[in-house]
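Since the structure is predicted, the reported quantities are computational estimates derived from the model, not experimental observations. Proteins come first, then strands; the chains are lettered A, B, ... in the order of their sequence lines, and each starts at number 1.
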Amino acid sequence: MSNDLMTPDLDDTVEPGPSYPQFGTPMVLAGSVLVAASAFLSWSYDREPLGDVSITGNPAPTQYLALIIGVLGIVLFLGRGPLARFFSWFDETAALRGLGFGAVAFALAVILAIFANTSGLINVDPGGWILLVGSIALAFGAEQLPAGRTHADPLRSKTSSWTEILAIIALLTGVLFLAAYALAMEDGYAFLALLAFLGAISATLIRGGFFQWLSIATAKHRQVLMLGAVVVAFLFPFTQDGRDANMTIATQIIVFAITALGLNIVVGLAGLLDLGYIAFLGAGAYVSALLSGSATSHLGFQLPFWLTAIIGACVASTLGLIIGTPTLRVSGDYLAIVTLAFGEIFRITVNNLDGINGPSITNGPNGVSGIPELNLFGFDFGQPHTLGGFTLTRYANYYFLLLLLGAFVILVFTRLNNSRIGRGWVAIREDERAAEAMGVNVFGLKLFAFAGGAFLAGLAGTIKAHQDLAISPDQFVFLESAFLLAAIVLGGMGTVAGALVGATMLKLLPEKLRFLENYRLLMFGILLVLMMRFRPEGLVASKRRQLEFHEDDQELAEAIQVEHLETKEAQA
Amino acid sequence: MSTAVSHEMPAAPAAGREVVLDASGVIMRFGGLTAVDNVSMKVHDGEIVGLIGPNGAGKTTFFNCLTGMYIPTEGTVRLRGEVLPPKPSKVVKAGMARTFQNIRLFGNMTALENVMVGRYCRTSSMALTSIIRGPKFRREEEATRARAQELLDYVGLGKSAELLARNMPYGDQRRLEIARALATDPQVLLLDEPTAGMNPKETEEAMHLIFKIRDSGLAVIVIEHDMRFIFTLCDRVLCLVRGALLIEGSPQEVQSDPRVIEAYIGGDESQEEGE
């Protein structure tokens, strides 16, 4: 607060100061204390909501989240004064504002949970109201706080390597525990409250500049991040110890994520809109199901899995070539329509290959069932195994196989992106005519993206068939394609993390928010509209994509320029 | 005015120099409109040919015919005796590179990446090579990067390699476009108004750069409105009016031809020289 050196740059941005600066300090403090204190009070008269938040003095898990928010608020506030030396680049004032909004969202989620579970606001105990009032005070107070001291740029901060590595490890460990914790939740409303809490924490970290710092740190320690992510993903089944409920969700998420990654090559890297992508997954799944000696297959012979996997992927990518060759010559919208139609053609075709309307191959709407469990090198995927005292069920077995495939797809994705081909794709997205005039084989590269994406989806489909034991045409409807695309749009086009985040959200949320029932699609619709308005590039966008969506934002362009230079320096 | 640049008087095609580009009888019609009407031109190695004419004379359309962006209704374009394929990317590979009148860089890529895109047609690593990343891939990627940096140094942008193209000053963007075109290893370089919007100092620099490129043996074709620029730079000038070739000759001949002055100043389109 002492040396408030304003650079001429900052003077340019005309920002009206807060209207009631005198309220800032007391309200932030009081709000934080109230939120923290409410954790020890009863929130609800009824025991039902949020796993019993009706006991005074003994916080339930959800109430601990309130405690964390409150304490975080106090710590951030102290960062403006006494603790300033720990906040060299972390902008605690901006972070407080993010936290305030998040806290209000959290409080509203809690009140909503009590309201919905007990049919009446009358059941909200004073503790609940104190939480709400405290969070509103925190949000309002944070808005009124005068801007703090000028912070160092997170991008230029020099932190020691081991701090960065520790931060990465801590983050990954947090993700692992969070995943286990969130998946174990039965109550949809408690999950909603957890989401609001996570939103509050992310808003705090983003506003404070933590993620900018982290992006440099991860660029510097790419290997650590990779290794850590692999370890976390590998350890996850061990946190479940023999329970199937969450492993089914996890395997579904991975299949979905792999398919989304494949689609991200087509949409995110090559910039082609594909609305029938699920058909490629379906093609792989059907080929694998029919060739693997399923009880209901009419083909009547059994090929080893590695062969069916290759055949399935090749069939899918051949279909991609057949669709792509005539359509990739025309511009975007036509391609979208043709792929949409292709998705439907695929579904209707497998529906009709039932021996009545067409040749008897796929059993029509009944689908192919009785697909045998995988058996690779004598390892039976259908049987539970024990490893170091932990029981790994059949889902865990498939989880590991899918993890391998996922790693392969990520490898393909990143390596293609950082190569001559990737540069060609970017050039095509930027300016197709200029790319062509610079000797880039536009048509060939588009076709390759299309067929390559189809190949990966087909590969995922071959495993999916074995894991689900049965497939039917209604698994491959247009809605699934739309969801895949939504996952990418939500998560971020052209990044691995984006596809993974988006896929996880779109698969996990419907599982956990079952109380929304028929409103789930409405919610997704609203979410997507909001994304398009406020962050069209997605949650975890690549820098380039971010720029493409903000063509006339020169400030952003310069910020990204600085970040780019810093990353280059960090890697060197 | 050009320092240490051999600025020869051309007129007659320099003896011993090979014809690199030979366009004969190029006609381009859009429906009833004939945008390019029976234009022929020959360009020799190490020669700078200027293309002038009032706005709407068909200069850029003619460029598009040469580079495969349009397929001429009639006539052929040959590069070293070979008829050019009707596809821009193949034309580039055959040895013809261009820049655009309105700069068309890949704005969200860095300067270095822009030039590396230009190397696309001279490199060959495909999907599997890129995924496996063997020594061949790494060698090629390294060579691409080195060559791109070398070209940036050549046009004087060596220090701006990591800047996003959209963040660069206007004059630098024009030079970056030339570097990107040079990255395709062309035999003929087509520049569409390379000094449009530049101040006199930048124009001067651009002129030196073009001389430097010419001296390295390339043939250069320039569309320009800045007459002073054209007449100091070019060995030969062609003037197009309403799609047809009005006159071809040395800068002095063209400059003093009354029909050229008529085309620019007289007539119903009162075009001043300049942009």
Practice task
Could you look at Leu445(A) and say if it's the side chain, the backbone, both or neither that has a heavy atom under 4.5 Å from chain B?
Solution key: side chain
Fill in the blank from the handout: If one checks every heavy atom of Arg429(A) against chain B at 4.5 Å, the contacting part turns out to be neither
Exercise for the section: Heavy-atom distances under 4.5 Å only: say whether Met109(B) touches chain A with side chain, backbone, both or neither. Expected result: both
Exercise for the section: May I ask you to check whether Phe30(B) and Tyr70(B) place their ring centers less than 6.0 Å from one another? Expected result: yes
Handout entry: Contact class of Thr184(B) relative to chain A, heavy atoms under 4.5 angstrom
Key = side chain
Practice task
Measure distances from Met96(B) to the heavy atoms of chain A and classify the residue's part below 4.5 Å as side chain, backbone, both or neither.
Solution key: neither
Exercise for the section: Using a cut-off of under 4.5 Å on heavy-atom pairs, state which of Thr414(A), Asn418(A), Ile560(A), Leu411(A) scores highest against chain B. Expected result: Asn418(A)
Exercise for the section: With the side chain counted from C-beta on, respond yes when Leu190(B) and Leu66(B) share a heavy-atom pair under 4.5 Å apart, and no when they do not. Expected result: yes
Practice task
Under 4.5 Å heavy-atom distance to chain A, tell me which part of Glu141(B) shows up: side chain, backbone, both or neither.
Solution key: side chain
Practice task
List the steps, then state whether side chain to side chain donor-acceptor pair (under 3.5 Å) holds for Thr195(B) with Glu224(B).
Solution key: CA-CA 8 Å; Thr195(B) 66; Glu224(B) 208 20 275; 2.9 Å; yes
Problem - Ionic contact status for Glu140(B) with Arg138(B), cut-off 4.0 Å - result: no
Exercise for the section: Mind ranking Gly107(B), Gly118(B), Ala183(B), Pro88(B) by heavy-atom pairs under 4.5 Å with chain A and telling me who comes out on top? Expected result: Pro88(B)
Exercise for the section: Please flag which part of Ala97(B) lies under 4.5 Å from any non-hydrogen atom of chain A: side chain, backbone, both or neither. Expected result: neither
Practice task
Below 4.5 Å from any heavy atom of chain A, which atoms of Lys90(B) appear? Answer side chain, backbone, both or neither.
Solution key: neither
Exercise for the section: Go through the side-chain N and O atoms of Ser160(B) and Asp172(B) and say whether any donor and acceptor fall under 3.5 Å apart. Expected result: no
Problem - Under 4.5 Å from any heavy atom of chain A - which part of Ile132(B) - result: backbone
Exercise for the section: Answer yes or no: is there an ion pair linking Arg80(B) with Asp45(B), defined by an N-O contact shorter than 4.0 Å? Expected result: yes
Practice task
Look at Arg139(B) together with Glu142(B) and state whether they make a salt bridge at an N to O cut-off of under 4.0 Å.
Solution key: no
Handout entry: Between Met438(A), Arg420(A), Arg415(A), Glu430(A), the one whose heavy-atom pairs under 4.5 Å with chain B are most numerous
Key = Arg420(A)
Practice task
List the steps and the verdict of side-chain contact (heavy atoms from CB on, under 4.5 Å) for Met116(B) and Arg145(B).
Solution key: CA-CA 7 Å; Met116(B) 285 170 84; Arg145(B) 190 171 293 274; 3.8 Å; yes
Practice task
Please flag which part of Thr144(B) lies under 4.5 Å from any non-hydrogen atom of chain A: side chain, backbone, both or neither.
Solution key: side chain
Problem - Spacing of CG belonging to Asn264(A) relative to CD1 belonging to Ile410(A), to within rounding of 0.5 Å - result: 11.5 Å
Handout entry: Top contributor to chain A interface from Arg180(B), Lys93(B), Arg133(B) [non-hydrogen pairs under 4.5 Å]
Key = Arg133(B)
